[in-house]
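Worksheet for the structure shown next.
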Amino acid sequence: MILSGEKVILRAIELSDKDILKNMINDGEMEYLLGGWSFPVSDLKQEDWIKSIDSEPHVLRCMIDDKQEHSTAGTVILSDIDYINGTAQIHIKLLKSFRGRGFGTDTIKTTVRYAFSELRLQCIYAHINDYNIGSHKLFEKSGFQKEGVLRNRIYKKGAYHNLFVYSILKEDFYGNRE
């Protein structure tokens, strides 16, 4: 199944995405903006990882494609999907050339809509590095509310940094329309 937004198409990861995924994970600037970390990844390691992706009931991984240009804009993931409590964490990586052009907002809204309407979730949350101002603005523009701070939770460039917790509830997303 392909998820379609106004500007984006969210689709499964294919082996042909190997190079773009490897470049994204090896991009030091992108890694600094995000919460996780990784060791350098080779072509072989990336290909093995893609081949090992299985249908995981608690993780949804998608490539973000520009609907008009048919080029890849990044990735979006719903992780830790908890069907009992109705929650999941959202992660987004956008290539620099797609930032600030509405692709992030459309991706988040498309993913959240799917999570609420098809997966029957109630709350989607994100953890954002304190210094990643672009992501703060993106999630706020997408309707997420800042809930709190996880103090000194991430270590980047020789220092500990806070993570801000953002979330959106189903009723906030749909308002009184549903």
Practice task
Give a yes or no on whether the backbone of Glu31 and the side-chain of Lys156 come within a donor-acceptor separation of less than 3.5 Å.
Solution key: yes

Completion exercise
Shortest non-hydrogen pair, Leu33 vs Arg99, comes out as CD1-NH1, 3.9 Å

Handout entry: Positive for side chain to side chain contact (heavy atoms under 4.5 Å, CB included) with Thr111, one of Ile90, Ile92, Ile77
Key = Ile90

Handout entry: Hydrophobic cluster partners of Ile154 (side-chain heavy atoms under 4.5 Å)
Key = Leu150, Leu163, Val165

Problem - Atom of Asp106, atom of Val8 and distance for their closest heavy-atom approach - result: OD2-N, 3.0 Å

Problem - Any side-chain donor near an acceptor of the partner, Glu171 and Gln122, under 3.5 Å - result: yes

Practice task
Output all residues satisfying ring-ring contact (aromatic ring centres under 6.0 Å, His included) with Tyr83, sequence neighbours left out; order by chain, then residue number.
Solution key: His58

Practice task
Using the test ring-ring contact (aromatic ring centres under 6.0 Å, His included), find all partners of His161 that sit at least two apart in sequence or belong to another chain.
Solution key: Tyr131

Exercise for the section: Apply salt bridge (charged side-chain N to carboxylate O under 4.0 Å, His left out) to the pair Glu6 and Lys67, showing each step before the final yes or no. Expected result: CA-CA 8 Å; Glu6 291 180 24; Lys67 201 174 198 177; over 6 Å; no

Practice task
Could you tell me the separation between the NE2 atom of His127 and the OG atom of Ser167, rounded to the nearest 0.5 Å?
Solution key: 9.5 Å

Exercise for the section: Output all residues satisfying ring-ring contact (aromatic ring centres under 6.0 Å, His included) with Tyr114, sequence neighbours left out; order by chain, then residue number. Expected result: none

Handout entry: Shortest non-hydrogen contact between Val59 and Ile81, atoms and distance
Key = N-CD1, 4.0 Å

Handout entry: Tyr125 and Glu147 side chains, donor-acceptor separation under 3.5 Å
Key = no

Problem - Glu118 vs Arg113, salt bridge (charged side-chain N to carboxylate O under 4.0 Å, His left out): CA-CA, chis, key distance, verdict - result: CA-CA 8 Å; Glu118 298 299 323; Arg113 184 179 310 108; over 6 Å; no

Practice task
Could you list the residues that satisfy salt bridge (Lys or Arg N to Asp or Glu O under 4.0 Å) with Lys18, not counting sequence neighbours?
Solution key: Glu47

Handout entry: Side-chain (Lys7) to main-chain (Arg101) donor-acceptor, under 3.5 angstrom
Key = yes

Exercise for the section: Give a yes or no on whether Met24 and Ile53 share a hydrophobic cluster (residues Ile, Leu, Val, Met, Phe, Trp, Tyr; joining criterion: side-chain heavy atoms under 4.5 Å apart). Expected result: yes

Practice task
State yes or no: are the ring centers of Phe144 and Tyr166 separated by less than 6.0 Å?
Solution key: no

Problem - Mutual orientation of the aromatic rings belonging to Tyr174 and Phe116 [parallel < 30°, tilted 30-60°, perpendicular > 60°] - result: tilted

Practice task
Check whether the side chains of Asn26 and Asn23 place a donor and an acceptor atom closer than 3.5 Å, and report yes or no.
Solution key: no

Practice task
Inspect the contact between Arg11 and Asp65 and indicate whether a charged nitrogen and a carboxylate oxygen are less than 4.0 angstrom apart.
Solution key: yes

Practice task
Starting from Ile25, walk the hydrophobic network (Ile, Leu, Val, Met, Phe, Trp, Tyr; side-chain heavy atoms closer than 4.5 Å) and list everyone else you reach, by chain and number.
Solution key: Val41

